[in-house]
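A short write-up of the structure that comes next.
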Amino acid sequence: MPRPQRWGAAELERLSAMVTQPSLFYWRGPQTTALLDEFRRRYPLNFCFPTSSGTAALHVAIAALRLKPGDEVIVPAITDMGSVIGILYQQAVPVFADLEPQTYNLDPADVCRRITAKTRALMPVHLAGNPCDMSALMAIAREHRLQVIEDCAQAWGARWRGQPVGLQGNLACFSFNDYKHVSCGDGGLVATNQLELGTGLGKWGDKFYDRETGGRDPLELAPNYRMSEPQAAVAAAQLTKLEQIVANRHRAGTRLTEQLAGAAGLRLPSVQTADTHSYWFYLLRLDRERLAVSRDEFAQALTNAGVSCTPGYIPRPVYRYPVFQQHNFFSGHWPVRELGLTQMDYRQVRCPEAEAILEDSVKLTINEAMDDAYIDEVAAVVRDVARAAAR
Ligand SMILES: Cc1ncc(COP(=O)(O)O)c(C=O)c1O
């Protein structure tokens, strides 16, 4: 498999400049300023706060909404733990909704079924870089007066109807962890255009200190999720490469779908025609009625033929993780439930489509170094394995 050289001269140049600085603290740091400039060039969002991780960015976003204990946030059943950690730490309740079978994103119809009097926010996760159905989700949000936090951690460079994802909701969150399109090892960013959310945004990730005034008498409880200058230097350099990385990944993923179209036994990811999928990975599903092998055997056959893949994505929907099944959020306790502020019982939650996706999917690696010839080789192997496994 071709592998990209992810870091080089651009990062070194920023890091060299950085070591001549008197301080590596983020506030008015030149690397942080460069990161914000690069980010805003691509995402016109006025209020931005770089964080130590994507999880931290999402926690800051949730905190900025000032939810009350027991308030509910609707999230997809397939996502990273980072989407829900901040919700739980703010004593709010993640409510899992099911997914569309071919985009693997929040199903607007199921979102509607999960809305209650306590629902305050929706968190669309643009899974693998495929934009969610934002027109339907924003319409639901308007009707029920819900805030929308877009989790763009996997969707750098993805576009919904031509616009970068992250501009439709109230708040947008990104990750710079090592596996993402652009990385600084670990890092994140939370952003908004809304004055009422934006003015305090940085405080929610900086102990609620007021850096503008130097005030250190916090009015609220907030952690330290600051990103420091070394991470910002690398992240700023990485963003200058985003367009090329996304163009290559988009071409690779789109070509793979073209090459696999019509192959019996395969269900390919679907993308709305006006959208740009940025292919953080490529998830295809197997039609088990038409294939005589198990999903794991199919993935093993691909691996044996040299194709980088894993069976499925996460092992099970997030609500099935032991921490949720045992409501083991705070040393064996879940105060909001013990206080009667929620009746949520994760042992009763079912999202059938999410469960099916995780049982019948295979995740193929996509990266920006894969050219057309390599993608065609991968497609040929997948088609051969499907043909050999046909009933
Ligand atoms: C959808 C999604 N949300 C949130 C996160 C959390 O990001 P981080 O690992 O930077 O904390 C990730 C990371 O994998 C993710 O994929």
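Whatever order the structure lists ligands and atoms in, that order sets their numbers, starting from 1.
- Nearest approach of T116 to T119, heavy atoms of both residues: N-OG1, 2.8 Å.
- Put simply, part of K180 is less than 4.0 Å from ligand 1, judged by heavy atoms.
- Residues W7, L15, V19, L24, V234 make up the rest of the hydrophobic cluster containing M18, defined by ILVMFWY side-chain heavy atoms closer than 4.5 Å, directly or through other members.
- The shell of residues lying under 4.0 angstrom from ligand 1, judged by heavy atoms, includes L58.
- Each of the atoms 1 (C) of ligand 1 lies under 4.0 Å from some heavy atom of T79.
- The hydrophobic clustering, which links ILVMFWY residues whose side-chain heavy atoms are closer than 4.5 Å, places Y104 and I366 apart.
- Numbered from 1 in the order shown, with element, the atoms of ligand 1 that lie under 4.0 Å from a heavy atom of N177 read 8 (P), 9 (O), 10 (O), 13 (C), 14 (O).
- Atom 11 (O) of ligand 1 has its closest protein heavy atom at T55 OG1, 2.5 Å.
- No N or O atom of A153 sits closer than 3.5 Å to an N or O atom of ligand 1.
- Heavy-atom minimum distance, L127 versus N105: N-OD1, 3.0 Å.
- When A128, G54, S52, P76 are ranked by how near their heavy atoms come to atom 8 (P) of ligand 1, first place goes to G54.
- Among D178, V125, D80, D186, the residue whose heavy atom lies nearest to atom 12 (C) of ligand 1 is D80.
- Inclusion of D151 in the set of residues having an N or O under 3.5 Å from an N or O of ligand 1 is warranted.
- Under the 4.5 Å side-chain criterion, counting only non-hydrogen atoms from C-beta, M344 is not in contact with P94.
- Not a single donor-acceptor pair under 3.5 Å links the side chain of S183 to the backbone N or O of Y179.
- If you run ring-ring contact (aromatic ring centres under 6.0 Å, His included) between Y346 and each of Y319, Y321, W334, only W334 comes through.
- Listed by number with element, the atoms of ligand 1 under 4.0 Å from a non-hydrogen atom of S83 are 3 (N).
- The closest protein non-hydrogen atom to atom 16 (O) of ligand 1 is Q154 NE2, 2.8 Å.
- Classified by interplanar angle (parallel below 30°, tilted 30° to 60°, perpendicular above 60°), the ring pair Y43/F39 is parallel.
- Residue-ligand proximity, S175 to ligand 1, at heavy-atom distances under 4.0 Å covers atoms 7 (O), 8 (P), 10 (O).
- In this structure a side-chain-to-backbone donor-acceptor pair under 3.5 Å is missing from D186 to D178.
- Below 3.5 Å of separation, one finds no N or O of Y313 facing any N or O of ligand 1.
- Looking at W280 next to ligand 1, no N or O pair under 3.5 Å apart turns up.
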